[in-house]
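Below, each value reflects all heavy atoms present in this structure, side chains not excepted, and no hydrogens, waters or symmetry copies. Treat the numbers as computed from the prediction; the structure is a model and nothing was measured. In what follows, chains are A, B, ... by sequence order, proteins preceding strands, each numbered from 1.
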Number of protein chains: 2
Amino acid sequence: MKPTLRAVAEAVGVSRSTVSNAYSRPDQLSAELRRRILDTARQMGYPGPDPTARSLRRGFVGAVGVLFTSRLSYAFTDPFAVRFLTGVAEAAERHGSSLLLVPLPAEPAGAVKAVENAAVDGFCVYCAGDEEGILDTIRGRGLPFVTTSSRPRAGDRWVGIDERAAARSVAEHLAGLGHRRVALLGDNVLPDAATGLLRVADVADVPHPTTRERLAGFADAFAAVGVAWPELAILSAPGNTRAAGAAAVRALDALAEPPTAVLACSDVLALGALDALVAAGGHQAISVTGFDDIAEAESAGLTTVRQPGEEKGRSAAQLLFDPPADASAGQILLPTTLIVRTSSGPVPRS
Amino acid sequence: MKPTLRAVAEAVGVSRSTVSNAYSRPDQLSAELRRRILDTARQMGYPGPDPTARSLRRGFVGAVGVLFTSRLSYAFTDPFAVRFLTGVAEAAERHGSSLLLVPLPAEPAGAVKAVENAAVDGFCVYCAGDEEGILDTIRGRGLPFVTTSSRPRAGDRWVGIDERAAARSVAEHLAGLGHRRVALLGDNVLPDAATGLLRVADVADVPHPTTRERLAGFADAFAAVGVAWPELAILSAPGNTRAAGAAAVRALDALAEPPTAVLACSDVLALGALDALVAAGGHQAISVTGFDDIAEAESAGLTTVRQPGEEKGRSAAQLLFDPPADASAGQILLPTTLIVRTSSGPVPRS
DNA sequence: TTGAAAGCGCTACCAG
DNA sequence: CTGGTAGCGCTTTCAA
């Protein structure tokens with residue numbers, strides 16, 4: 001058993017407060033006494049004040065929780081999520097704060113429990129699909145938090161982009177190139193959707209907010225050139241992975257008239273789409289666009305919408321550490337840019 | 001102020017233990033009483049037992065610390081580190097444990113303090129350069145840990161590869177192709193080393209253990225074909241980034257007789273080396289090899305040594321969660337494979 | 001400068 | 001099935 005602060009105090013013959021001060025408030029005792037205390041402590045093998053006890057007493061932990069909707073390991077698998085995390089880590093580092101990555105079980109009840117049990121001073125919530133239950137739990141604990149979801153509630157701190165407008169910008173690019181028969185590709189467009197083509201009565205039916213907004217943005221642009229929602233082919237991928245994107249796109253083979261362009265809700269899916277089209281030999285004919293502008297997008301020549309990933313994370317953490325005095329400054333809208341590369345081009349003449 | 005468990009107990013008219021049981025040991029009271037307690041608690045806005053207080057009392061936190069030598073954000077910047085983290089996250093997820101990423105300040109004293117203050121049940125230490133101080137601090141706290149450093153101390157839990165043999169394997173490949181005049185490229189080969197060519201009297205002088213072992217492995221293979229250490233050009237990059245690798249390789253221009261091959265200690269550096277050589281127009285003539293086999297290595301055609309990143313992380317966490325009964329099983333040696341791609345070839349006839 | 005007192009909020013033993 | 005008791009290990013007034 002490790003000795004406690006109390007034991008050190010007894011050994012040195014001073015009070016517990018003095019030992020505590022030796023560690024946490026050096027200016028409260030003579031340098032000499034302090035050295036004597038620290039030396040004795042070292043000799044006894046006292047590892048310093050217990051972090052948990054200290055947190056309890058101080059009412060402060062020194063860690064922020066980071067929450068991901070999907071499996072925690074997804075956070076590292078998705079390049080954009082990694083960039084977000086990088087930004088959060090940078091800010092946390094500067095602030096001297098640790099990052100607690102909390103895995104959320106799939107069942108909502110388990111997720112709520114996980115959030116209740118996290119010893120943190122606040123949360124950064126990365127794009128949680130079904131996020132309201134989570135946010136309410138955080139509110140219930142009275143802890144501050146920042147979201148990156150696509151629909152901030154008034155008063156909530158938030159950092160994100162205009163998903164819909166950003167999506168519209170790529171779609172307008174394609175529409176401008178003459179594309180009219182297109183497919184939209186998202187990850188789990190409907191709950192438990194099969195991989196591939198899907199009937200979606202209304203964009204509003206798409207549960208995941210980010211996917212919904214992006215699809216809506218795509219649709220906006222095509223509606224403006226006379227292509228209505230029902231005429232758009234909707235593809236659902238079983239996860240935001242390259243393989244899933246490829247799998248979904250293969251469903252286009254079933255179509256009598258394949259689309260001339262595929263608009264993906266993420267670069268990862270778009271790269272998967274390219275994989276499938278290249279494998280099928282038809283990638284020259286079909287334009288593909290992504291979203292995020294991850295590193296691989298450049299070498300793949302993927303046309304996409306760039307959003308600042310690290311900055312998103314950095315701002316989120318910053319917003320948590322230094323709440324703006326003016327609550328209205330608590331919502332940060334980041335810019336996006338259309339990046340046109342070689343994966344998109346005019347509709348081939350047939 | 002949020003109500004406490006005590007307030008709930010008083011409101012319901014039961015003892016504190018009973019309320020505690022309602023949350024943590026449902027089988028210890030009647031379903032009905034439990035519901036009454038939980039309902040009242042909800043009404044009062046009691047957020048459930050405080051995680052910190054619970055941890056203090058239970059003597060268990062439910063989180064493992066993850067330590068990186070360099071800046072925490074590096075953990076997300078380096079593709080191999082990300083794979084390691086993915087593995088750790090997977091195991092933690094399965095185990096229901098959170099991950100505490102602790103930023104370590106650059107000064108050793110600060111780093112020690114950070115480790116002392118981390119509220120965790122154990123640590124996964126990812127390849128810390130100056131790791132002994134850190135490990136001693138962990139030992140001082142009496143917490144279990146797993147390292148991935150290249151020189152496990154007897155009795156320590158460890159998961160890693162045979163760095164030296166793995167490095168030797170790529171070097172032998174190049175030696176077999178006839179290369180004799182080669183450059184070795186590492187990240188911060190000597191402390192505060194300038195970018196570029198470096199004189200290193202002895203491999204043993206290289207402080208970072210991983211870099212040292214890999215360089216030693218490279219040297220082994222060339223020694224076997226008659227090329228002694230002093231004949232090898234040593235390149236130091238100012239960080240493990242692509243740009244740093246490129247910068248270091250540009251120093252080769254100063255050489256009258258450039259090497260026919262560059263052996264890098266990581267894929268990231270190797271890709272940087274390729275960047276520089278391509279930009280200089282000379283990449284056909286010079287073979288380049290990496291280490292790790294990250295995703296980008298494949299599309300770049302990089303010859304490299306593959307080590308299983310996710311598995312390294314998974315095993316490390318697993319070793320922490322389920323200590324093997326037999327202490328000798330606490331050291332897991334992972335296999336590596338030489339992956340030959342197009343970035344290496346025979347020495348061009350001159 | 002130093003120390004005594006008073007908990008932070010909770011859980012677990014053990015007796016009823 | 002329930003509740004009393006006894007801390008987990010520390011920090012922080014406040015008075016000496």
Side-chain angles (χ1 to χ4, degrees), chain A residues 1-38 40-41 44-62 113 116-121 140-143, chain B residues 1-38 40-41 44-62 113 116-121 140-143:
Chain A
M1 208 48 212
K2 289 276 144 196
T4 67
L5 180 148
R6 169 188 219 114
V8 176
E10 278 161 6
V12 182
V14 295
S15 80
R16 307 230 234 28
S17 350
T18 304
V19 177
S20 175
N21 283 336
Y23 282 95
S24 312
R25 313 169 64 180
D27 51 318
Q28 296 298 296
L29 33 49
S30 67
E32 204 243 289
L33 177 55
R34 181 169 131 92
R35 282 198 358 110
R36 222 173 80 221
I37 292 175
L38 263 29
T40 315
M44 299 175 64
Y46 174 63
D50 178 275
T52 309
R54 165 178 284 188
S55 295
L56 175 60
R57 183 58 232 239
R58 289 191 168 159
F60 165 83
V61 177
K113 249 199 161 64
E116 284 172 346
N117 287 330
V120 296
D121 303 315
R141 285 187 58 181
L143 292 178
Chain B
M1 207 49 211
K2 290 276 146 195
T4 66
L5 181 147
R6 169 189 218 112
V8 176
E10 277 161 8
V12 182
V14 295
S15 81
R16 306 228 239 23
S17 346
T18 304
V19 177
S20 175
N21 283 335
Y23 282 94
S24 311
R25 311 171 64 181
D27 51 317
Q28 296 298 297
L29 33 52
S30 66
E32 205 242 289
L33 177 55
R34 180 170 130 92
R35 284 200 353 113
R36 221 173 81 223
I37 293 175
L38 263 30
T40 313
M44 301 175 63
Y46 175 63
D50 178 275
T52 309
R54 167 179 282 187
S55 294
L56 175 60
R57 183 57 236 237
R58 288 190 169 162
F60 164 84
V61 176
K113 248 197 162 63
E116 284 172 346
N117 288 329
V120 297
D121 303 314
R141 286 187 58 182
L143 292 178

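Neither OP1 nor OP2 of C:dC10 sits under 4.0 Å from any side-chain N or O of B:R16. Checking the phosphate oxygens (OP1, OP2) of D:dG3, a side-chain nitrogen or oxygen of B:T18 falls inside 4.0 Å. OP1 or OP2 of D:dC10 has not a single side-chain nitrogen or oxygen of A:R54 nearer than 4.0 Å.
Residue A:S24 is in sugar-phosphate contact alone, with no base atom involved, counting any heavy-atom pair closer than 4.0 Å across all strands shown. Residue A:S30 is in sugar-phosphate contact alone, with no base atom involved, counting any heavy-atom pair closer than 4.0 Å across all strands shown. Among the atoms of the strands shown, only primed sugar atoms or phosphate atoms (P, OP1, OP2) are found under 4.0 Å from some heavy atom of B:L29. Here B:Y23 lies out of heavy-atom contact (under 4.0 Å) with every strand.
Evaluation of atom-type donor-acceptor distances gives no pair under 3.5 Å for the side chain of A:T52 against the base of D:dG9. Taking 3.5 Å as the limit, the base of C:dA12 and the side chain of B:S20 contain no donor-acceptor pair of atoms between them.
No hydrogens or angles considered: a donor-acceptor pair under 3.5 Å links the side chains of A:R54 and A:S24.
With hydrogens and angles ignored, the 3.5 Å screen pairs a side-chain donor or acceptor of A:D121 with a backbone N or O of A:G62. Put simply, the side chain of A:T40 gets close to the backbone of A:R36: a donor and an acceptor are under 3.5 Å apart.
Put simply, CD1 on B:I37 is 14 Å from P on C:dC10, counting in whole angstrom units. As rounded to whole Å, 14 Å separates atom P of D:dT11 from atom CZ of A:R6.
You'll find that the side chain of B:S17 is closest to D:dT5, out of D:dG9, D:dT12, D:dT5.
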